[in-house]
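Read through the structure below, which is laid out as structure tokens, and then see the notes.
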Amino acid sequence: MGQRSANETIRHAVIGTGGMGSNHAGSFAAIPNCEVAALCDLDPTRLSGVAAKLPNKGRVKTYDDYRRVLDDKSIDSVSIATCDHWHTPIALAALMAGKHVYVEKPCAHNVHEANLLVKAAAQYKKCVQHGTQRRSWSLHKALVKALREGVIGKVYTAKVINNQLREPIGRKPVSAPPAGVNYDRWLGPAPKHDFTENRWHYNWHWFWDYGTGDLGNDGVHHLDVARWGLGVGYPKAVICSGAQYFYNDDHETPDTQTVVYQYESCQILYEMRLWTNYGIEGGEENAAVFYGTEGMIVDGAKGVTVMRIDKRPVTITGGKESNFADFIAAVRVGDPSKLSAPITEGAISAVLCHLGNIGTRLGNQHLEYDPVAQKITQCGGREAEANRLLTRTYRKGYELPYKG
Ligand SMILES: NC(=O)c1ccc[n+]([C@@H]2O[C@H](COP(=O)([O-])OP(=O)(O)OC[C@H]3O[C@@H](n4cnc5c(N)ncnc54)[C@H](O)[C@@H]3O)[C@@H](O)[C@H]2O)c1
């Protein structure tokens, strides 16, 4: 698809109509001259529930197999709001089918997939936007500009806070999947495993076969802001410490995690405590904090607050513009360079999450990753295992459609 006039309708499809996918459906439908023409989910109850809320209800096509969405030549773009383990397989297939792609964070379930996605986006010359929406907010564009201009002097450390109470999930027995659900396709590339309620909607986040823990879930948002604010990409080393101190249930992913991303001239700290909701740095539960030689900035739910040592008041303001509308504007002109949250940036932030998780899972290691060779070069003697975790074994019939 080339350039489109402002009046032409972009036909969009949402794949995955759960908590976030229902938000996608409503938000894309609200963009002028964008129609949510198709929806896809493996859970028929969710699918029909979201379809019934759309302004074009009765006309919107519904599918349980994303490949049928991709077969539809009239669809221009898709957004992917499935569980993490399905993001890249669907995104790659969509690019190969000629669609523009909005992919939820983290864009990939492992480092190899993130790298493939960047390559495929460039090869097929399509817009691929990442669901780290702060990149589209004028508030955060103003924050990054102020940091570059030295509003708090030279910044040597950014801290990402993820302090929130996530209740234990208990232990759920094997049971039958809900009626009408194609659970085998839900598992897709992941290993075969009996259905349990915990391995299903939302709680899949806490199982390595489908999710990426809370580092890849909530952590990635402010990790992306920290990296953007500091103007850095891949770290030279990743120092990991994490465990399950709080949970004694079906959780596989840590409840406590501290990761230090070391760069030539600064560092990013990721601090995660899922057993408390007391805020820090002014009461924030999820935030990016920048520490400079002349002050600090807290970017969290309460807004962006600048505290200079000399007490000079500085305010940073701006809006929270839609990442979805930003994507559709780029799709309309067929120009990936117009994206605010391009996959080239999203992939790096996703890789940082994966490296932090690999180092934590393999015994809290000091890890080094070579982004050119796409290999882990150091991981406390466990390099072979670490490199295996850069990818996964895809279940037969669910191999990646694009090899790079
Ligand atoms: N950007 C944000 O602020 C934000 C916020 C919340 C969630 N998310 C992301 O959105 C994604 C979905 O999260 P959620 O909380 O909505 O999870 P969820 O479990 O509520 O929803 C996922 C949906 O995808 C469906 N699904 C799974 N595999 C599918 C497939 N192959 N084809 C079609 N449908 C499939 C499931 O049936 C389910 O309805 C996650 O990757 C999450 O990280 C992003």
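Side chains included, hydrogens not; waters and symmetry mates left out as well; all remaining heavy atoms used. Counting convention: from 1, in listed order, for ligands and their atoms alike.
Annotation: atom 29 (C) of ligand 1 to nearest protein heavy atom, Leu42 CD1, 3.5 Å. Shortest contact from atom 44 (C) of ligand 1 to any protein heavy atom: Glu104 OE1, 3.0 Å. The protein non-hydrogen atom at the shortest distance from atom 12 (C) of ligand 1 is Ala81 O, 3.2 Å. Annotation: atom 11 (C) of ligand 1 to nearest protein heavy atom, Thr82 O, 3.2 Å.
Residues Gly229 and Leu147 approach most closely at CA-CD1, 3.7 Å, considering heavy atoms. Val260 approaches Gln267 most closely through the heavy-atom pair CG1-OE1, 3.6 Å. Residues Ala25 and Leu54 approach most closely at O-CD2, 3.7 Å, considering heavy atoms. Contact record, Asp255 with Tyr247: OD2-N, 2.9 Å, taken as the closest heavy-atom pair. Of all non-hydrogen atoms in Ser340 and Lys141, the two that sit nearest each other are OG-NZ, 3.4 Å.
Salt bridge status for Asp370 with Lys375: absent, with no side-chain N to carboxylate O gap under 4.0 Å. Salt-bridge check for Asp64 with Arg185: passed, with a basic side-chain N closer than 4.0 Å to an acidic carboxylate O. Comment: Arg166 engages Asp218 in a salt bridge, judged by a side-chain N to carboxylate O separation of less than 4.0 angstrom.
Selection from His201, Arg134, His221, Arg46 by nearest heavy atom to atom 21 (O) of ligand 1 gives Arg46. Between the choices Val14, Val50, Asp41, Val181, the shortest heavy-atom distance to atom 37 (O) of ligand 1 belongs to Asp41.
When only interatomic distances are considered, the shortest N/O to N/O separation between Gly131 and ligand 1 falls below 3.5 Å. Here's the thing with Trp204: one of its N/O atoms is less than 3.5 angstrom from an N/O atom of ligand 1. Considering backbone and side-chain atoms alike, His87 places an N or O below 3.5 Å from some N or O of ligand 1. Taking any N or O of Trp200, backbone or side chain, none lies under 3.5 Å from an N or O belonging to ligand 1. An N or O contact shorter than 3.5 Å is missing between Tyr66 and ligand 1 by distance. Looking at ligand 1, you'll find an N or O of Met20 within less than 3.5 Å of one of its N or O atoms. Remark: ligand 1 and Lys105 share an N or O pair separated by less than 3.5 Å (distance only, no angle test). Taking distance alone, with nitrogen or oxygen atoms compared against 3.5 Å, Gly19 approaches ligand 1 more closely than that limit.
For the residue pair Lys105 and Asn217, a side-chain donor N or O sits within less than 3.5 Å of a side-chain acceptor on the partner. Side-chain contact of Asn162 with Glu271: a donor-acceptor pair under 3.5 Å is absent, judged by distance alone.
Under the 4.0 angstrom criterion for non-hydrogen atoms, Cys83 is in contact with ligand 1.
Atom numbering of ligand 1 starts at 1 in the shown order; those under 4.0 Å from a heavy atom of Trp86 are 28 (N), 31 (N). Within ligand 1, the atoms closer than 4.0 Å to a non-hydrogen atom of His205 are 42 (C), 43 (O), numbered from 1 in the order shown. Using a 4.0 Å cut-off to heavy atoms of Gln133, the atoms of ligand 1 that qualify are 1 (N), 2 (C), 3 (O).
Residue-level proximity to ligand 1 for Tyr202 is carried by backbone and side chain together, each with a heavy atom below 4.0 angstrom.
Ring pair Phe28/Tyr102 is perpendicular by interplanar angle, where above 60° counts as perpendicular and below 30° as parallel.
Here the NE2 atom belonging to His85 is positioned 7.0 Å from the OH atom belonging to Tyr210, to the nearest 0.5 angstrom.
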